[in-house]
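Take a look at the structure set out below.
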Amino acid sequence: MYGNDFAPPEDAPGGGLLGEVEAAEAALREAAARARRGGAAPDEDVEAYFADVINADQKIEPRDWMPEAYRRTLIRQIAQHAHSEIIGMQPEGNWISRAPSLKRKAILLAKVQDEAGHGLYLYAAAETLGISRDELVELLLDGRQKYSSIFNYPTLTWADVGAIGWLVDGAAIVNQVPLCRCSYGPYARAMIRVCKEESFHQRQGYEILHTLAHGTPAQKAMAQDSVDRWWYPSLAMFGPPDGDSTHSAQSMAWKIKRFSNDELRQRFVDMCVGQAEVLGLTLPDPDLRWNDERQAYDYTQPDYAELMRVIKGDGPCNRERMAHRRKAHADGAWVREAAAAYAAKRAERKEPVAA
Amino acid sequence: MSRFDFTLAVGDDALIAAQRLGEWTSRAPEMEEDIALANIALDQLGAARLLLTYAGELEGAGRDEDDLAYLRDDREFRNCLLVELPNGDFGVTMAKLFFLAAYQVPLYSALAGCADERLAAVGAKARKESAYHLDHAALWVKRLGDGTEESHRRMQDAVDQVWPYVHELFAPDPAAPVDPSTLRADFDATVSAVLDEATLTRPETGWAPGGGRDGLHTEHLSYLLAEMQVLHRAHPGASW
Ligand SMILES: [Fe+2]
Ligand SMILES: [Fe+2]
């Protein structure tokens with residue numbers, strides 16, 4: 001009864017990327033079926049075994065030995081991804097109460113609920129690396145771990161819900177599709193599931209903008225304004241330019257990361273240009289043009305100084321997002337304590353009485 | 001109550017309940033509960049859409065679900081007062097949901113067997129959803145009632161605060177497709193069993209506020225509608 005109860009517009013996005021997710025899923029099954037030939041046995045030389053698995057494009061599983069730095073890198077990355085899903089519920093959740101039709105309200109509620117689900121699978125994937133969800137949540141609440149900076153921008157109009165779906169979920173998919181082939185099995189599998197749902201979100205966001213852009217002049221202006229505000233922050237989601245990125249080289253060698261920030265950003269720009277044309281909206285970049293030599297669009301880089309300011313905590317909504325999360329956590333403490341106390345009482349009652 | 005008024009009343013209960021539950025998104029005590037509350041809100045919203053659409057058809061004036069949800073004022077809403085009360089803390093929200101579901105389960109079950117095919121179809125679908133809402137809320141009422149000292153105190157306060165609003169749900173109406181007064185025994189049996197297990201009591205008060213079915217609401221509804229309707233009303237005639 002909710003979600004996708006509309007005909008997809010022509011040229012709706014998501015098709016090509018969804019195909020890549022499916023290919024990654026097939027590769028995962030093949031890798032599992034393909035025995036690793038020769039090389040070290042897992043209990044003989046653990047380091048050689050780890051290197052062999054990575055080289056053979058097989059998956060490292062929780063029971064396998066792994067370098068401490070590999071484990072730490074994955075925990076940090078998966079946890080920050082999980083935190084982003086949870087904090088990301090706020091900017092869109094901001095419009096649930098005011099969604100302009102009951103159908104849109106249902107789709108948006110379901111979407112924000114999906115994001116909570118993504119947070120849960122990602123925390124579960126991180127837990128396979130030997131850290132608990134409670135510990136990770138503490139790291140978020142203390143500010144020792146970050147979440148995606150994009151969620152520190154405000155949703156000022158209904159069109160922002162569309163722009164987030166189209167651009168932010170779109171950028172997330174471009175980032176995450178390669179992670180479906182990540183060398184750590186639980187993360188790769190979580191990403192396949194997440195990417196499939198994100199591609200619905202992107203399509204729904206695009207559809208919101210399409211409806212607005214073909215609606216009244218006020219609706220079209222609302223759509224254009226939101227694209228104007230979300231375009232550069234979305235480009236910044238891919239992180240600093242390659243020269244300045246600190247973690248990339250090692251992550252590439254471990255096959256946690258497979259493309260550089262700039263490669264992914266370019267892929268995103270190339271994908272969006274045609275979609276913006278179909279929407280009838282303008283991407284706010286006067287220097288955006290096709291480069292025949294590179295077979296890609298030239299475009300203006302986002303303001304990386306702004307990105308650094310937002311990462312450091314001085315974006316428009318950093319303080320509110322964290323205060324909201326901390327308040328929900330603190331307000332729920334008595335409820336969680338009660339659930340634990342009730343479960344303990346039940347367990348006690350069930351215990352056989354010693355004679 | 002005519003079939004139109006009855007359908008509108010049941011649909012408005014579901015719509016306003018969904019609106020209140022949606023306010024919990026990103027604020028629940030744990031992540032699993034955020035997902036559960038969104039599920040229940042989606043079920044209520046789904047039932048509301050079917051009922052409001054049908055109410056519009058019964059009326060025959062060309063109003064669809066959005067016209068009814070977004071373009072009526074509070075005096076034209078027919079929901080019970082229980083659903084429009086503010087969420088309060090998690091205990092108050094669970095008390096509201098528990099009493100609502102304990103009423104909706106027998107209501108939808110009775111509707112599933114009524115002569116009107118459309119209402120029967122909504123009843124058949126919604127009663128399964130309501131049974132889950134009832135289980136979920138009852139479990140929390142028990143956990144909070146029989147949890148810690150603080151949770152017991154809060155849950156008892158919540159029951160005391162919300163209980164008077166249940167009486168309105170069962171005002172007799174022999175002309176309605178289902179006479180609400182026939183649902184009371186079932187409701188009382190469910191409530192007694194759960195409150196007993198939760199070590200909670202019902203307050204001794206004869207106060208029984210009402211008026212929702214006649215469009216006489218609490219002060220809260222107008223604020224809820226102001227927020228829910230603001231964008232839709234700002235763009236008359238637009239499609240979304
Ligand atoms: Fe997500
Ligand atoms: Fe998403």
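Reminder, nothing fancy here: chain letters follow the sequence lines and each chain counts from 1.
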Between Gln90(A), His324(A), His329(A), Arg336(A), the one whose heavy-atom pairs under 4.5 Å with chain B are most numerous: His324(A)

Flag the pair Arg63(B) / Leu71(B) as yes when at least one side-chain heavy-atom distance between them is below 4.5 Å, and no otherwise. no

Which region of Ala28(B), side chain (C-beta onward) or backbone (N, CA, C, O), has a non-hydrogen atom less than 4.5 Å from a non-hydrogen atom of chain A, or is it both or neither? backbone

Residues Leu8(B) and Arg78(B): closest non-hydrogen pair is CD2-CG, 4.2 Å

By a 4.5 Å heavy-atom criterion (distance strictly below it), what part of Ile86(A) contacts chain B: side chain, backbone, both, or neither? side chain

Lys/Arg cation over aromatic Phe151(A): Arg321(A), 6.0 Å, 45° cone: no

May I ask you to establish whether Arg72(B) and Phe77(B) are in a cation-pi arrangement, using a distance under 6.0 Å from NZ or CZ to the six-membered ring centre and at most 45° from the ring axis? yes

When Glu65(B), Arg143(B), His232(B), Glu33(B) are compared by non-hydrogen pairs under 4.5 Å with chain A, the top option: Arg143(B)

Please rank Gly93(A), Ser101(A), Ala116(A), Ala218(A) by heavy-atom pairs under 4.5 Å with chain B and give me the top one. Ser101(A)

Heavy atoms only, distances under 4.5 angstrom: which of Gly145(B), Ala69(B), Gly22(B), Ser239(B) has the most pairs with chain A? Name it, please. Ser239(B)

With chain B as the partner, which of Gly117(A), Ala341(A), Ser97(A), Ala340(A) has the greatest number of non-hydrogen pairs under 4.5 Å? Ser97(A)

Under 4.5 Å from any heavy atom of chain B - which part of Val335(A): both

Heavy-atom pairs under 4.5 Å with chain A, option from Leu231(B), Thr148(B), Asp146(B) with the top count: Asp146(B)

Using a 4.5 Å cut-off on heavy atoms from C-beta on, say whether the side chain of Glu57(B) contacts that of Tyr54(B). yes

Option that, when pairs with chain B are counted at under 4.5 Å, heavy atom only, ranks first among Met89(A), Glu337(A), Gln219(A), Glu115(A): Gln219(A)

Answer with side chain, backbone, both or neither: which region of Leu15(B) has an atom nearer than 4.5 Å to a non-hydrogen atom of chain A? side chain

Is it the case that Arg98(A) places NZ or CZ above or below the six-membered ring of Trp95(A), under 6.0 angstrom from the centre and within 45 degrees of the axis? yes

Side chain from CB out, backbone as N, CA, C, O: work out which of these in Phe90(B) comes under 4.5 Å of a heavy atom of chain A, or both, or neither. both

For the side-chain hydrogen bond (donor to acceptor under 3.5 Å, both in side chains) test, which of Gln104(B), Arg20(B), Arg49(B), Glu129(B) pairs with Gln44(B)? Gln104(B)

For Arg229(A) and Tyr153(A), does a side-chain donor sit closer than 3.5 Å to a side-chain acceptor? no

What part of Leu120(A) is in contact with chain B, defined as an atom under 4.5 angstrom from a non-hydrogen atom: side chain, backbone, both or neither? side chain

Answer key: most heavy-atom pairs under 4.5 Å with chain A among Lys142(B), Glu30(B), Gln229(B), Glu23(B) is Lys142(B)

Any side-chain heavy-atom pair of Phe98(B) and Val162(B) under 4.5 Å: no

Could you have a look at Thr211(A), Ile87(A), Leu102(A) and say which one has the most heavy-atom pairs with chain B under 4.5 angstrom? Leu102(A)

Residue pair Lys96(B) / Asn87(B), side-chain heavy-atom distance below 4.5 Å: yes

So what's closer than 4.5 Å to chain B heavy atoms on Thr216(A): side chain, backbone, both or neither? side chain

Check whether Lys105(A) gets within reach of chain B through its side chain, its backbone, both or neither, counting any heavy atom under 4.5 Å. both

Distance-only side-chain donor-acceptor flag, Gln204(A) / His201(A), under 3.5 Å: no

Tell me, for Leu52(B) versus chain A, whether the close heavy atoms (under 4.5 Å) come from the side chain, the backbone, both or neither. side chain

So what's closer than 4.5 Å to chain B heavy atoms on His214(A): side chain, backbone, both or neither? neither

If you count heavy-atom pairs within less than 4.5 Å of chain A, which of His152(B), Glu32(B), Arg154(B) leads? Arg154(B)

Is there a side-chain contact between Asp13(B) and Leu82(B), using heavy atoms and a 4.5 Å cut-off? no

Which residue out of Ala328(A), Ala338(A), Gly215(A) racks up the most heavy-atom pairs below 4.5 Å with chain B? Ala338(A)

Regarding Arg346(A) and Glu197(B), does a basic nitrogen lie under 4.0 Å from an acidic carboxylate oxygen? yes

